[in-house]
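Position 1 is the first residue of the sequence; numbering continues from there. Just so it is clear, the values below take in all heavy atoms, side chains as well, and ignore hydrogens, waters and symmetry mates. Because the structure is a prediction, the values reported are computed rather than measured.
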Amino acid sequence: MRRWDLIPDGEAIITSTSRLLPVRSAGVPAMLKVADDPEERFGAGLMVWWNGEGAARVLAHGEDALLLERATGKVSLTEMVGDGFDDDATRIICRVAAELHGLKERPRPERVSLSRWFEALEPAAAKQGGIFRHAAATAEKLLANPRDVVVLHGDLHHGNVLDFGERGWLAIDPKRLLGERTFDFVNLLRNPSPQVALASGRFGRQVAVISQAACLDRTRLLEWTLAFTCLSASWILADGEQPELDLAVADLAARALAGGT
């Protein structure tokens, strides 16, 4: 706060990975974020790399701290979905993703490959069998022949794309991943809530909307969805919890791949 001459401008927000405080920097609304988790620190480096293109602009950074422009717009993508504009919210996120993925002229920052992330799926498949085994085989096929490899956001969903007013819709809170761009759209099918994600007919409709808006192969989107939801389920099981949402979405993806609805 002293180093960057910041003035508090709201209540602190404490999460499992970060401490955040709304502030003013030279009179401008900003958000100070101090990471308590290694993944968050790597994500900060990616925010710097994006340099405000498709993502919130970094005003200052150092050690574990990141000073970001603050989202002051009044619209929420989650609220848009609740108001009946689910497809519009999805298209907004797809446009933000296109901007993030389009930055290819700069040297890539240090990233973790999707292959490394998915290493945890094979042991889960051996232990759990069933759809986990199907997902592991699917992931192996996808990772052996990646398409359109880009720097990924890694956690692109309705809560990580915010309204920045005149600057438009911008992303926050990325992971440190490198891989096929299709992967970045899977989280749209698991969000913004379990109730929405599992609503009757929603999955198939959103697969069609995403495929069209992001120019993706529908089958490949379904395959990445099956692979990642089972990977996420394996993490949740390792924490001693039950992954109802992920397994339900994995089942929807598997059924769609098999020719069902």
Q) Is it true that Leu198 and Leu188 fall in one hydrophobic cluster, defined by side-chain heavy atoms closer than 4.5 Å? A) yes
Q) Closest approach of Ala139 and Leu121, non-hydrogen atoms and distance? A) CB-CD2, 4.0 Å
(Q) Between Lys127 and Ser234, is there a side-chain heavy-atom distance shorter than 4.5 Å? (A) no
Q: Determine the minimum heavy-atom distance between Leu77 and Val161, stating which atoms define it.
A: CD1-O, 3.6 Å
Q. Leu231 and Ala120: which non-hydrogen atoms are nearest, and at how many Å?
A. CD1-CB, 4.0 Å
Q: Measure from the side-chain N and O atoms of Asp239 to the backbone N and O of Glu241, and report whether any donor-acceptor pair falls under 3.5 Å.
A: no
Q. After noting the C-alpha distance and the side-chain angles of Glu140 and Ser115, does the key distance pass the side chain to side chain contact (heavy atoms under 4.5 Å, CB included) rule?
A. CA-CA 9 Å; Glu140 182 178 10; Ser115 296; over 6 Å; no
Q) Should Leu156 and Phe42 be counted in the same cluster of Ile, Leu, Val, Met, Phe, Trp and Tyr side chains packed under 4.5 Å apart? A) no
Q) If you measure from CD on Glu53 to CG on Leu103, what distance do you get to the nearest 0.5 Å? A) 5.0 Å
Q. With side chains defined as the heavy atoms from C-beta onward, is the minimum distance between Pro174 and Asp155 less than 4.5 Å?
A. no
Q | Residues Asp9 and Arg70 bridged, charged N to O under 4.0 Å | A | yes
**Q.** Within-4.5 Å side-chain heavy-atom neighbours: His157 and Pro192
**A.** no
Q | Minimal non-hydrogen separation, Pro146 against Ala144, with atom names | A | CD-C, 3.6 Å
Q | Connected via hydrophobic side-chain network under 4.5 Å: Leu189 and Ile131 | A | yes
(Q) Could you measure the distance from the CZ atom of Phe183 to the CG atom of Leu143? Nearest 0.5 Å is fine. (A) 9.5 Å
Q: Find the distance between OG1 (Thr138) and CG (Leu257) and round it off to the nearest 0.5 Å.
A: 7.0 Å
Q: Could you check whether the rings of Phe185 and His101 sit parallel, tilted or perpendicular, using 30° and 60° as the cut-offs?
A: perpendicular
Q: Report yes or no: does Asp163 contribute a side-chain atom to a donor-acceptor pair with the main-chain N or O of Gly165 at less than 3.5 Å?
A: yes
Q.
So does Glu180 get a backbone contact from the side chain of Asp148, meaning a donor-acceptor N/O pair under 3.5 Å?
A. no
Q: Please check if the side chain of Ser25 supplies one atom and the backbone of Val28 the other of a donor-acceptor pair under 3.5 Å.
A: no
Q) Looking only at side chains, do Ser18 and Asp36 share a donor and an acceptor under 3.5 Å apart? A) no
Q. Is the shortest heavy-atom distance from the side chain of Ile210 to the side chain of Leu221 under 4.5 Å?
A. yes
Q) Does the side chain to side chain contact (heavy atoms under 4.5 Å, CB included) test come out yes or no for Leu152 and Lys175, once each step is laid out? A) CA-CA 8 Å; Leu152 298 166; Lys175 304 295 183 185; over 6 Å; no
Q: Report the C-alpha distance between Ile13 and Leu21 in whole Å, list the side-chain angles of each, state the deciding distance to 0.1 Å, and finish with yes or no for side chain to side chain contact (heavy atoms under 4.5 Å, CB included).
A: CA-CA 6 Å; Ile13 303 166; Leu21 181 68; over 6 Å; no
Q) Should we say atom CD of Gln128 is surrounded by more than 12 heavy atoms from elsewhere, each under 6.0 Å from it? A) yes
**Q.** Interatomic spacing from CZ in Arg95 to CH2 in Trp169 - rounded to 0.5 Å
**A.** 10.0 Å
Q) Distance-only, no hydrogens or angles: does the Glu40 side chain make a donor-acceptor pair with backbone N or O of Thr17 under 3.5 Å? A) no
Q.
Could you check whether any side-chain N or O of Asp86 sits under 3.5 Å from a backbone N or O of Val81, counting only pairs where one atom can act as donor and the other as acceptor?
A. no
Q: Would you mind checking if Arg205 and Asp87 are paired as a salt bridge, meaning a charged N to carboxylate O distance below 4.0 Å?
A: yes
**Q.** Rounded distance (nearest 0.5 Å) linking atom CZ of Phe228 with atom CG of Leu114
**A.** 9.5 Å
Q: With the side chain counted from C-beta on, respond yes when Thr225 and Phe203 share a heavy-atom pair under 4.5 Å apart, and no when they do not.
A: yes
(Q) So Val23 and Met31, do their side chains get closer than 4.5 Å, heavy atoms only? (A) no
**Q.** Worked check of salt bridge (charged side-chain N to carboxylate O under 4.0 Å, His left out) between Asp64 and Lys33
**A.** CA-CA 8 Å; Asp64 296 335; Lys33 178 177 180 178; over 6 Å; no
Q) Are there more than 12 heavy atoms of other residues, nucleotides or ligands under 6.0 Å from atom CD1 of Ile7? A) no
Q) Just by distance, with hydrogens left out, do His153 and Asn160 show a side-chain donor and acceptor under 3.5 Å apart? A) no
Q.
Measuring only between side-chain heavy atoms, which start at C-beta, is Leu67 closer than 4.5 Å to Val58?
A. no
Q.
Membership question, hydrophobic clusters at under 4.5 Å side-chain separation (ILVMFWY): are Leu142 and Trp117 in the same one?
A. yes
Q) What do the steps show when you test Thr182 against Arg147 for side chain to side chain contact (heavy atoms under 4.5 Å, CB included), and what is the final call? A) CA-CA 8 Å; Thr182 306; Arg147 302 176 185 174; over 6 Å; no
(Q) Whether the side chain of Arg167 engages the backbone of Ala71 through a donor-acceptor N/O pair (distance < 3.5 Å, no angle test) should be reported. (A) no
Q. Do you reckon Leu178 sits in the same ILVMFWY cluster as Trp50, going by side-chain contacts under 4.5 Å, direct or chained?
A. yes
Q: Quick one: pull up CE in Met47 and NE2 in His61 and give me the separation to the nearest 0.5 Å.
A: 11.5 Å
Q: Would you check if the side chain of Thr229 reaches a backbone N or O of Leu226 as a donor-acceptor pair within less than 3.5 Å?
A: yes
Q: Please report the shortest heavy-atom distance between Thr72 and Pro29, naming the atom on each side.
A: CG2-CB, 4.1 Å
Q: Might you point out which heavy atoms bring Leu222 and Ala253 nearest each other, and give the distance in Å?
A: O-CB, 3.7 Å
